[in-house]
Protein chains: 2
Amino acid sequence: MTKRRPQTQARLLDAALEAFAANGFGGTRIEDVCERAGYTRGAFYSNFSTKEELFFALFDRHAARVLERFEKQAAALGDSRVTVEAIAAALAEFDDDERTWYLVTTEFTLSAIRDPAAARRLAEHDARLRAEAVRLLGERLEHAGLRPRPGIDLESLVRMLIAIREGALAQSYVEPEALPPGTLERRFLPALLGAVTQAG
Amino acid sequence: MTKRRPQTQARLLDAALEAFAANGFGGTRIEDVCERAGYTRGAFYSNFSTKEELFFALFDRHAARVLERFEKQAAALGDSRVTVEAIAAALAEFDDDERTWYLVTTEFTLSAIRDPAAARRLAEHDARLRAEAVRLLGERLEHAGLRPRPGIDLESLVRMLIAIREGALAQSYVEPEALPPGTLERRFLPALLGAVTQAG
DNA sequence: GCTATCGGATACATTCACGTATCGGATACG
DNA sequence: CGTATCCGATACGTGAATGTATCCGATAGC
């Protein structure tokens, strides 16, 4: 019997995302999640056994969605012309719900740094995402008539771009008015990308 | 009467740092901190009123120490000659207890993103730290016979360097073997710094 | 449509962390 | 020294979040 079940789980996960983003993992009670989802704690314990399990389930769903969306974007871009500036501009754009994800994934990252099992899980997902990013960035550079300078591999470059994105977001969310998301990317990525690539 | 008092507070703060780094803010009980420090909860409530207060006290102490250390480094460097590579190398170095600080400050940042009051506090501290960094970087660049290219201000550049540092650390701590701390800095900072500065 | 099973609600007991109030020992001061 | 005050320990009460056990309604198979 499984008609309601997936829906219930999905709603609980949606609610958990909201709750964790609003109050953090430690700061949300199981009942918070249930209230947001429109259930009681009975429903929760019928579907999950601990708050941690819910957290991990949320991460897995989120990871799958991010990857899926990313693959679609990569596929959709096709053969369009690009420049270094265009690549930088694309990296300076942010979804509306980026903030919510940022809060939850960063907290997950923290737990992963403390817990080897979670770290493996996170590393695996990140590797898949990076592979897509490497593919996408490689295509874009090729279309722009560029290739990495000697000593620069795309994998590292992607890691660098991710680091910049995450680090810049942290500052932007602490001081949204002083540093709107994308500011640092727009200002520095063209120079950085130009410096690590060459014609060819 | 104040002989034991500062010592007790210091020990509680040390213990809190350990505990928060190990289990996160939400995940540590006040008693955890007291046990690590070798006291009972009575000592805690005699010195602090809430766990949040302890957290802020810890943060303030850390901020003061970092600033102090930073100023010393700036003073010690004096007029020595530098290159872009030397600056990059300096930014690629990490304390042993950097990891502990990273865990605690990142969690604090998350709470600050959620709470405007904490965000102001954090922004204030960060601004002081950035001001020192701007001064130091300006001196180093001058000694290297460089100045920022038009359109690049040092303040933004420092923000960028901090973003890179934090973002890279996150990846390094999740996969220490795949990406030891400093890897990305060594690989990309020379190019980045070279691209955003010019002789003068 | 009847029934067996499943999913979620309700009610309860328990655990756990918290905060306070009080006590005993140590320290600075006269 | 003696004493007043401060500091940390101990013991207790409280509230909140948790987990479980049971119940009721809904759903799928016959």
Side-chain angles (χ1 to χ4, degrees), chain A residues 1-61 103-104 107-108 110-111 114-115 118, chain B residues 1-61 103-104 107-108 110-111 114-115 118:
Chain A
M1 225 178 254
T2 49
K3 196 172 145 212
R4 285 184 291 176
R5 193 126 269 232
Q7 194 185 44
T8 303
Q9 291 177 352
R11 285 185 185 168
L12 283 172
L13 289 175
D14 290 340
L17 179 66
E18 288 176 29
F20 290 153
N23 305 319
F25 178 75
T28 79
R29 304 165 304 161
I30 289 176
E31 188 154 14
D32 289 338
V33 176
C34 299
E35 280 176 8
R36 285 178 191 266
Y39 294 100
T40 64
R41 289 195 2 268
F44 173 84
Y45 283 105
S46 171
N47 285 281
F48 303 93
S49 56
T50 69
K51 198 166 64 163
E52 279 76 14
E53 194 187 316
L54 180 66
F55 192 54
F56 288 138
L58 182 65
F59 173 78
D60 287 341
R61 190 184 71 161
L103 288 168
V104 175
E107 191 152 12
F108 188 87
L110 287 181
S111 77
R114 296 185 180 106
D115 168 22
Chain B
M1 224 177 259
T2 50
K3 195 172 146 214
R4 285 183 293 176
R5 192 122 272 228
Q7 195 185 45
T8 304
Q9 291 178 353
R11 286 185 185 169
L12 283 171
L13 288 176
D14 290 339
L17 179 65
E18 287 176 30
F20 290 154
N23 306 317
F25 178 75
T28 79
R29 305 165 303 160
I30 289 176
E31 189 153 13
D32 289 338
V33 176
C34 299
E35 280 176 10
R36 284 178 191 265
Y39 294 100
T40 63
R41 293 202 346 274
F44 172 84
Y45 284 106
S46 171
N47 285 280
F48 304 92
S49 57
T50 69
K51 196 167 65 165
E52 279 77 15
E53 194 188 317
L54 180 67
F55 195 56
F56 285 134
L58 185 66
F59 178 78
D60 287 340
R61 189 183 72 160
L103 288 168
V104 175
E107 187 157 12
F108 185 84
L110 287 181
S111 74
R114 297 183 181 108
D115 169 22

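By convention in this document, chain letters (A, B, ...) are assigned in the order of the sequence lines, proteins followed by strands, and residues within each chain are numbered from 1.
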Would you say [N] has OP1 or OP2 under 4.0 Å from some side-chain N or O of [X]?
X: S46(B); N: dC6(D); value: no
X: N47(B); N: dC7(D); value: no
X: Y39(B); N: dG8(D); value: no

Nearest whole angstrom, please: distance from the [atom2] of [N] to the [atom1] of [X].
X: Q9(A); N: dC6(C); atom1: CD; atom2: P; result: 15 Å
X: E31(A); N: dG19(D); atom1: CD; atom2: P; result: 13 Å
X: R4(B); N: dC6(D); atom1: CZ; atom2: P; result: 12 Å
X: E35(B); N: dG8(D); atom1: CD; atom2: P; result: 17 Å
X: F48(B); N: dG8(D); atom1: CZ; atom2: P; result: 10 Å
X: R29(B); N: dC18(C); atom1: CZ; atom2: P; result: 8 Å
X: Y45(B); N: dT20(C); atom1: OH; atom2: C1'; result: 9 Å
X: E53(B); N: dC18(C); atom1: CD; atom2: P; result: 15 Å

query: Between F56(B) and F108(B), is the ring centre distance below 6.0 Å?
result: yes
- request: Would you check if the distance from the ring center of Y39(B) to the ring center of F44(B) is below 6.0 Å?
  value: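 No, too far apart.
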- prompt: Parallel, tilted or perpendicular for F55(A) and F25(A), by the 30°/60° rule?
  reply: tilted
Side-chain donor/acceptor of T8(A) to backbone N/O of R4(A), under 3.5 Å: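 At least one qualifying donor-acceptor pair exists.
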- prompt: Does R29(B) offer a backbone N or O that forms a donor-acceptor pair with the side chain of D32(B) under 3.5 Å?
  reply: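 At least one qualifying donor-acceptor pair exists.
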Identify the pairs formed between an N or O of the protein and an N or O of nucleotides 10-12 of chain C at a distance under 3.5 Å, and give each distance.
none

- prompt: CG of L13(A) to CG of L54(A): how many Å apart, nearest 0.5 Å?
  reply: 6.0 Å
message: So if I take every side-chain heavy atom of I30(A) and compare against dG8(D), dA28(C), dT18(D), which nucleotide ends up nearest?
response: dT18(D)
Step-by-step salt bridge (Lys or Arg N to Asp or Glu O under 4.0 Å) determination, E107(B) to R114(A): CA-CA 13 Å; E107(B) 187 157 12; R114(A) 296 185 180 106; 3.6 Å; yes
